[in-house]
**Student:** 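One structure, pasted below without further comment.
Everything numeric here is computed off the predicted structure, so don't read it as measured data. Numbered from 1 within each chain, the chains take letters A, B, ... in sequence-line order.
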Amino acid sequence: MPELPEVETVVRDLREPLVGRCFRSVTCGPHALRGGRLDEVRKSSRGKNVRSVERRGKWIIIDLDGAFLLVHLGMTGQLTVTSAKAPRQNHTHVTWILDAGDTELRFRDIRRFGGVYFFKSRQNLDAHFEKSGLGPEPFDMDPAYWRACLAKTSRSLKAILLDQRVVAGVGNIYADESLFEAGLSPTLLGKNVSSRQADCLRRAVATVLRRGIDKRGSSIRDYVGGSGLLGTYQDEFRVYGRAGEPCRRCRMSIARIRLAGRSTHFCPKCQKR
DNA sequence: ACAGGATCCTGGGGGC
DNA sequence: TGCCCCCAGGATCCTG
């Protein structure tokens with residue numbers, strides 16, 4: 001579910017209520033998550049103070065007195081701050097009770113593809129990202145690096161955009177929307193695009209992600225921001241989820257194919273192949 | 001090197 | 001109402 005704009009929205013929402021507060025106690029549900037060890041998270045984050053809440057790609061990073069809580073939302077993850085009085089929803093796997101006891105940070109994840117990790121130090125955190133080979137943030141990506149990434153591979157543009165080692169934070173929705181914005185077919189091979197087209201796509205990705213952030217992300221099924229609010233970028237999709245509907249630019253029917261293992265939406269007329 | 005499929009899960013929607 | 005099938009903002013592993 002959540003891609004960069006959704007994760008960025010969560011992080012911005014969590015800062016105000018969390019920074020400077022202390023996790024007085026932590027409770028966990030009975031289910032294991034796909035990523036992380038919940039008992040370790042529970043024991044280690046108890047009693048710590050929140051210094052900052054940041055984002056890297058699709059990862060949420062919470063600085064706890066120099067140790068780090070790392071959260072990935074997977075497909076259906078929700079990380080929200082709510083009143084302790086609000087009834088706990090099903091599929092809530094971790095609850096951090098804040099110092100005053102009237103407020104809670106909750107991690108809920110219906111499909112349990114997400115993960116919550118604890119790292120003792122900045123070095124351990126960096127090692128985690130190093131090991132996964134996480135690529136650069138899309139907003140300050142070096143143009144030459146991006147051109148080289150495309151030029152050296154015969155993978156499709158769609159597959160490249162989804163690869164977190166090339167660029168961090170893009171997922172299925174924003175990949176499709178970026179390719180429409182750039183006027184390039186998702187099936188084009190990296191090695192076959194010109195440097196001009198590569199530059200165009202790089203800018204399109206940044207543009208589309210910024211639009212997503214401005215609208216507080218896309219709420220299709222399960223996504224909510226850190227305060228529980230829905231995003232509205234889904235109302236502005238040009239291609240994602242619009243198969244069979246007319247292209248907003250040329251009225252041609254939007255196509256849907258399976259590519260890089262994901263459903264892929266594009267305008268056959270506006271997007272060059 | 002790359003595509004495609006299966007896998008981890010739960011739930012919603014459509015067809016019958 | 002029930003059942004079966006397909007689908008889903010992610011990521012990883014295996015096969016051909």
**Student:** Taking the nucleotide of DNA chain C with the closest heavy atom to each, which residue, A/Ser263 or A/His72, is nearer the 5' end?
**Tutor:** A/Ser263

**Student:** Starting at CD of A/Gln78 and ending at P of B/dG11, how long is that distance when rounded to a whole Å?
**Tutor:** 13 Å

**Student:** What interatomic distance, in whole Å, is found between C1' of B/dG5 and the corresponding atom of C/dC6?
**Tutor:** 16 Å

**Student:** What does A/His91 touch in the nucleic acid at a heavy-atom separation under 4.0 angstrom: a base, only the sugar-phosphate, or nothing?
**Tutor:** sugar-phosphate

**Student:** With a 4.0 Å cut-off on heavy atoms, is A/Ile110 in touch with a base, just the backbone sugar-phosphate, or nothing at all?
**Tutor:** sugar-phosphate

**Student:** Rounded to the nearest angstrom, tell me the gap between atom CG in A/Leu162 and atom P in C/dA11.
**Tutor:** 9 Å

**Student:** Check the phosphate of C/dA8 against A/Thr76, side-chain N and O only, distance under 4.0 Å to OP1 or OP2. Yes or no?
**Tutor:** no

**Student:** Base, sugar-phosphate alone, or nothing: which one does A/Gly171 contact when heavy atoms must sit under 4.0 Å apart?
**Tutor:** sugar-phosphate

**Student:** Show me, range against range, the stems involving DNA chain C, built from at least 3 consecutive Watson-Crick or G-U pairs below 3.5 Å.
**Tutor:** B:2-8 with C:10-16, B:10-16 with C:2-8

**Student:** Provide, to the nearest angstrom, the distance between the CG atom belonging to A/Asp109 and the P atom belonging to B/dC8.
**Tutor:** 16 Å

**Student:** What are the two closest non-hydrogen atoms of A/Gly217 and A/Glu6, and how far apart are they?
**Tutor:** CA-OE2, 3.4 Å

**Student:** Assess, by modelled atom type and distance only, whether the side chains of A/Tyr223 and A/Glu3 contain a donor and an acceptor separated by less than 3.5 Å.
**Tutor:** no

**Student:** Quick one: closest heavy-atom pair of A/Gly66 and A/Arg51, and the distance?
**Tutor:** N-NH1, 3.4 Å

**Student:** Rounded to whole angstrom units, what separation is found between the NE2 atom of A/His128 and the C1' atom of C/dT12?
**Tutor:** 13 Å

**Student:** NA contact type, A/Arg112, heavy-atom cut-off 4.0 Å: base, sugar-phosphate, or nothing?
**Tutor:** sugar-phosphate

**Student:** Could you tell me whether A/Arg34 contacts a base, only the sugar-phosphate backbone, or nothing, with contacts defined as non-hydrogen atoms closer than 4.0 Å?
**Tutor:** base

**Student:** Is the CZ atom of A/Arg249 crowded by more than 12 outside heavy atoms at less than 6.0 Å?
**Tutor:** no

**Student:** What is the separation between atom CZ on A/Arg258 and atom P on B/dC2, rounded to the nearest whole Å?
**Tutor:** 20 Å

**Student:** Take the angle between the ring planes of A/His31 and A/His93 and call it parallel below 30°, perpendicular above 60°, tilted in between.
**Tutor:** perpendicular

**Student:** Using a heavy-atom cut-off of 4.0 Å across all strands, would you classify A/Arg165 as base, sugar-phosphate, or nothing?
**Tutor:** nothing

**Student:** Evaluate side-chain contact (heavy atoms from CB on, under 4.5 Å) for A/Met141 paired with A/Val205, printing each intermediate quantity in order.
**Tutor:** CA-CA 11 Å; A/Met141 194 160 53; A/Val205 168; over 6 Å; no

**Student:** Is the number of heavy atoms from other residues, nucleotides or ligands under 6.0 Å of A/Glu16 CD greater than 12?
**Tutor:** no

**Student:** Assess whether one donor atom and one acceptor atom, taken from the side chain of A/Arg111 and the base of B/dC9, lie less than 3.5 Å apart.
**Tutor:** yes

**Student:** Measure the distance from OH on A/Tyr117 to C1' on C/dG10 and round it to the nearest whole Å.
**Tutor:** 11 Å

**Student:** Using centres under 5.5 Å plus planes under 30 degrees as the test, is A/Phe113 stacked with B/dC8?
**Tutor:** yes

**Student:** Does B/dC9 have its OP1 or OP2 closer than 4.0 Å to a side-chain nitrogen or oxygen of A/His31?
**Tutor:** no

**Student:** Could you state the CZ-P distance from A/Arg262 to C/dA11, rounded to the nearest angstrom?
**Tutor:** 8 Å

**Student:** Return the nearest nucleotide to the side chain of A/Arg256; candidates are B/dC2, C/dA8, C/dG10.
**Tutor:** C/dA8

**Student:** So which one's nearest nucleotide on DNA chain B is more toward 5', A/Ser154 or A/Arg221?
**Tutor:** A/Ser154

**Student:** When you compare C/dC13 with B/dC9, how far apart are their P atoms, in angstrom units rounded to a whole number?
**Tutor:** 16 Å

**Student:** Output yes when at least one side-chain N/O atom of A/Gln164 is less than 4.0 Å from OP1 or OP2 of C/dA11, else no.
**Tutor:** yes

**Student:** Of the listed nucleotides (C/dA11, B/dA3, C/dC7), which one gets closest to any side-chain atom of A/Lys58?
**Tutor:** C/dA11

**Student:** Grab the two heavy atoms, one from A/Arg262 and one from A/Leu162, that are nearest each other, plus how far apart they are.
**Tutor:** CG-CD1, 3.7 Å

**Student:** Take atom CG of A/Asp222 and atom C1' of B/dT10, then tell me their distance rounded to the nearest Å.
**Tutor:** 9 Å

**Student:** What does A/Tyr174 touch in the nucleic acid at a heavy-atom separation under 4.0 angstrom: a base, only the sugar-phosphate, or nothing?
**Tutor:** nothing

**Student:** Considering only side-chain heavy atoms of A/Tyr240, which listed nucleotide, B/dG11, C/dG10, C/dA8, is closest?
**Tutor:** C/dA8

**Student:** Using the benzene-type ring in the case of Trp, are the ring centres of A/Tyr174 and A/Tyr233 under 6.0 Å apart?
**Tutor:** yes

